[in-house]
Amino acid sequence: MARKNDILSIYTKTVDEIKEAGLFKGEAPICSPQGAKVVLEDGKEYLNMCANNYLGLGNNQRLIDAAKRTYDERGFGVASVRFICGTQDIHKQLEKKISDFLGTDDTILYSSCFDANGGLFETILKAEDAVISDELNHASIIDGVRLCKAKRYRYKNNDMEDLEAKLKEADEAGARIKLIATDGVFSMDGIIANLKGICDLADKYNALVMVDDSHAVGFVGKKGRGTAEYCGVEGRVDIITGTLGKALGGASGGYTSGRQEIIDLLRQQSRPYLFSNSLAPAIVGASMELFDMLRESTELRDHLEEVTTYYRQKLDENGFDVIPGTHPCVPVMIYDEKTAAEFAKRMMEKGVYVVAFSYPVVPKGKARIRTQVCASHTKEDIDFIVKCFIEVREEMGLNK
C-alpha cells in the first residue's frame, strides 16, 4: 500500500515533467484594473495583449457605478439557488435583456458558461439520442458531452462533408434526437464556425443546433449579436450558450438562451442551475447596464473591428505566421513549446503582456502566442506590439 508521501510525489513528478516539456503555465498577478495596459506586481506597466476583454469594458466606469448601485439596492449576495430564494427581480430582468438582444425565446443564467455547457447536454439528451460535436470545441462542451449518455460523434473542424457523414451515421443508428454542437468562434485559432452550412444540414437532417458564442456576443456581427448574426442565421440556432466574463464586462457569469421548451426544461433539471448559488447581484446589475450600452451604440465593436484589421495586416506584412481571419483572437504561430515560452518571456521583458499557449490548451507541436485585440487598444499600441514581435524574432534567430 502506497504511503501518502509516495502518492504526493507522483503529483510532484508530473509537475516537474510539465516544466521540463516547456508546458508549465505560470501566473503573473495584475495589481490594477483590467485594461489595455495593466500594472503587475513589479510596479511596471505592460501593454496587455492576451485578455478576453474584447470591448475594453473590464474597467468601464459606467459598469462599475451600476455594480455599486446594485450593492446598495440588492445586497452582496443571495446565499441561495434560484428555485429556493435566490431569484431576485433583476435576475429575471437580465434574462429578458439577453433574450431580447439575441432574439431568442428565453434565457437562463448560470455562474459561468462552463456551468451552462456542463448542465446542458445531460438534461436534454438521453441514451437514445446523438450529439455531433466539432473536434475543436471548447473543453466545457467536451466535458458537458461526457456527462450525457447520448451516442457521441465528432466531426472535423468546420468540415461540412464530415458533419453530414456523421449525421447520416446517427440516423442509421436510429437516433431519436440529433444535436450539433459547435463553438461560434474557435478561440485558439480565431476561426468563425460555418453556421450557415451547419444550419442547412440541421434542417436537412432534422437536427438541433447548439452554439457556444462566448467569443462572439457583443462584437461579432454588425450589431454585436454574435456568430448567428455574422453568418445570417439568426432564428435558426436552437441553443446559444455564452459568458458575461469576456466581452460583456469581463466579470463572471454565463447563460443559455434559446427555444422556450429547452429553457423550461433546463430550469427544472439542469444540475449546475439547481445546485449552485445564483449569480451575484452586482454582476447582474452591471450586466443589465452593459446590454443597454450595446443597444445604444456599436462604437466599441466598430473600433475593435478597425484595430483588429490593422493589426492583422501589420503582422502579415512583416511575415509572421498568423492563422487567417477577421476575429480579434490573433494567434502568432511558433509551434515549438519551449520556443514559444521563451518568446513570451522576452515579450514580457519588453513590456508586452502575452502568454505562450501550449498543450493541453492546444495540440502538441502547435504552440503559439495567442494575442487578443480589445476596443481600448489604439493603432499606436498595435505598432508597439508588432515592433516588439519583430525584435524578439530577430533576437531569437527565428526565420520569417
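Remember, it's a predicted structure, so these values are computed and weren't measured experimentally. In this chain, residues are counted from 1 in sequence order.
Other residues, nucleotides and ligands contribute at most 12 non-hydrogen atoms within 6.0 Å of the CD atom of Glu299. Counting heavy-atom neighbours within 6.0 Å of Phe384 CZ, excluding the residue itself, gives a total above 12. Shown here is Asn5, whose CG atom has no more than 12 heavy atoms of other residues, nucleotides or ligands within 6.0 Å. More than 12 heavy atoms of other residues, nucleotides or ligands lie within 6.0 Å of NZ in Lys44, so this atom counts as buried by the packing criterion. Atom NZ of Lys96 sits in a sparse spot, with 12 or fewer heavy atoms from other residues, nucleotides or ligands closer than 6.0 Å. Annotation for Glu20: atom CD does not count as buried by contact number, only 12 or fewer foreign heavy atoms lying within 6.0 Å. Applying the 6.0 Å contact sphere to NZ of Lys196 captures no more than 12 heavy atoms from other residues, nucleotides or ligands.
Applying the side chain to side chain contact (heavy atoms under 4.5 Å, CB included) criterion to Thr70, with sequence neighbours excluded, gives Arg74, Ile90, Pro281. Remark: Phe389 pairs with Phe320, Phe343 by the ring-ring contact (aromatic ring centres under 6.0 Å, His included) rule, at least two apart or across chains. Applying the salt bridge (Lys or Arg N to Asp or Glu O under 4.0 Å) test to Lys68 and every residue at least two apart in sequence or in another chain returns nothing. In terms of the ring-ring contact (aromatic ring centres under 6.0 Å, His included) criterion, Tyr205 has no residue partners (sequence neighbours excluded). Applying the salt bridge (Lys or Arg N to Asp or Glu O under 4.0 Å) rule to Arg271 yields no partners; only residues at least two apart in sequence or on another chain are considered. In this structure, the side chain to side chain contact (heavy atoms under 4.5 Å, CB included) partners of Arg295, at least two apart in sequence or on a different chain, are Asp100, Phe101, Arg225. For Thr326, there are no side-chain hydrogen bond (donor to acceptor under 3.5 Å, both in side chains) partners two or more places apart in sequence or in a different chain. Lys149 pairs by the salt bridge (Lys or Arg N to Asp or Glu O under 4.0 Å) definition with nothing, not counting sequence neighbours. By the ring-ring contact (aromatic ring centres under 6.0 Å, His included) test, His327 is found to be paired with Tyr54, Phe219, residues two or more places apart in sequence or in another chain being considered. The salt bridge (Lys or Arg N to Asp or Glu O under 4.0 Å) check on Lys156 picks up nothing, with sequence neighbours excluded.
Under the side chain to side chain contact (heavy atoms under 4.5 Å, CB included) rule, Ser214 has a single partner from Asn52, Asn117, Val185, Thr243, which is Thr243. Considering Ile240, Ile192, Asp183, Val233 in turn, Ile192 is the only one that fulfils the side chain to side chain contact (heavy atoms under 4.5 Å, CB included) rule with Thr227.
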Handout entry: Full working for salt bridge (Lys or Arg N to Asp or Glu O under 4.0 Å) between Glu95 and Lys92
Key = CA-CA 5 Å; Glu95 288 171 339; Lys92 302 300 291 185; 3.7 Å; yes
Exercise for the section: Could you go through the side chain to side chain contact (heavy atoms under 4.5 Å, CB included) check for Ser133 and Ile142 one step at a time? Expected result: CA-CA 8 Å; Ser133 181; Ile142 294 169; 5.5 Å; no
Exercise for the section: Verify side chain to side chain contact (heavy atoms under 4.5 Å, CB included) between Glu317 and Lys314, making sure each step is shown before the conclusion. Expected result: CA-CA 5 Å; Glu317 289 169 3; Lys314 286 291 182 182; 3.9 Å; yes
Exercise for the section: Show your working on salt bridge (Lys or Arg N to Asp or Glu O under 4.0 Å) between Lys223 and Glu229 and close with a plain yes or no. Expected result: CA-CA 8 Å; Lys223 295 183 179 178; Glu229 180 192 12; over 6 Å; no
Problem - Verdict with reasoning, Arg236 to Val209, per side chain to side chain contact (heavy atoms under 4.5 Å, CB included) - result: CA-CA 8 Å; Arg236 298 178 65 189; Val209 176; over 6 Å; no
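Summarising the geometry, atom CG belonging to Leu248 is positioned 7.0 Å from atom CG belonging to Leu55; distances are rounded to the nearest 0.5 Å. Note that CD1 of Ile283 and NE2 of His91 are 9.5 Å apart. Values are rounded to the nearest 0.5 Å. Considering CD1 of Ile323 and CG of Asp189, their distance stands at 4.0 Å, rounded to 0.5 Å. Between Arg69 atom CZ and Glu289 atom CD the span is 5.5 Å, to the nearest 0.5 Å.
A side-chain N or O of Arg82 and one of Thr87 form a donor-acceptor pair less than 3.5 Å apart. Between the side chains of Tyr273 and Thr256, not a single donor N or O lies within less than 3.5 Å of an accepting N or O. When only modelled atom types and interatomic distance are considered, Gln61 and Asp65 share a side-chain donor-acceptor pair under 3.5 Å. Between the side chains of Thr241 and Tyr110, not a single donor N or O lies within less than 3.5 Å of an accepting N or O.
Proximity of Phe121 to Met210: side-chain heavy atoms (C-beta onward) are separated by under 4.5 Å at one or more points. Counting only heavy atoms from C-beta outward, the side chains of Leu125 and Ile177 approach each other to under 4.5 Å. The shortest side-chain heavy-atom distance between Leu244 and Phe291 falls under the 4.5 Å cut-off. With a 4.5 Å cut-off on side-chain heavy atoms, Asp381 and Lys37 count as touching. Side-chain atoms of Leu8 and Tyr11, non-hydrogen and from C-beta on, do get closer than 4.5 Å to each other. The shortest side-chain heavy-atom distance between Ile369 and Met49 does not fall under the 4.5 Å cut-off.
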Using distance only, find each side-chain donor-acceptor pair of residues 165-174 under 3.5 Å and give its atom names and separation, not counting sequence neighbours.
residue, atom, partner, partner atom, Å
Lys166, NZ, Asp162, OD1, 2.7
Lys166, NZ, Asp162, OD2, 3.4
Asp171, OD1, Lys178, NZ, 2.9

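Through chains of ILVMFWY side-chain contacts below 4.5 Å, Tyr353 is grouped with Ile30, Val38, Leu40, Tyr46, Met188, Met348, Val355, Phe357, Val361, Val362.
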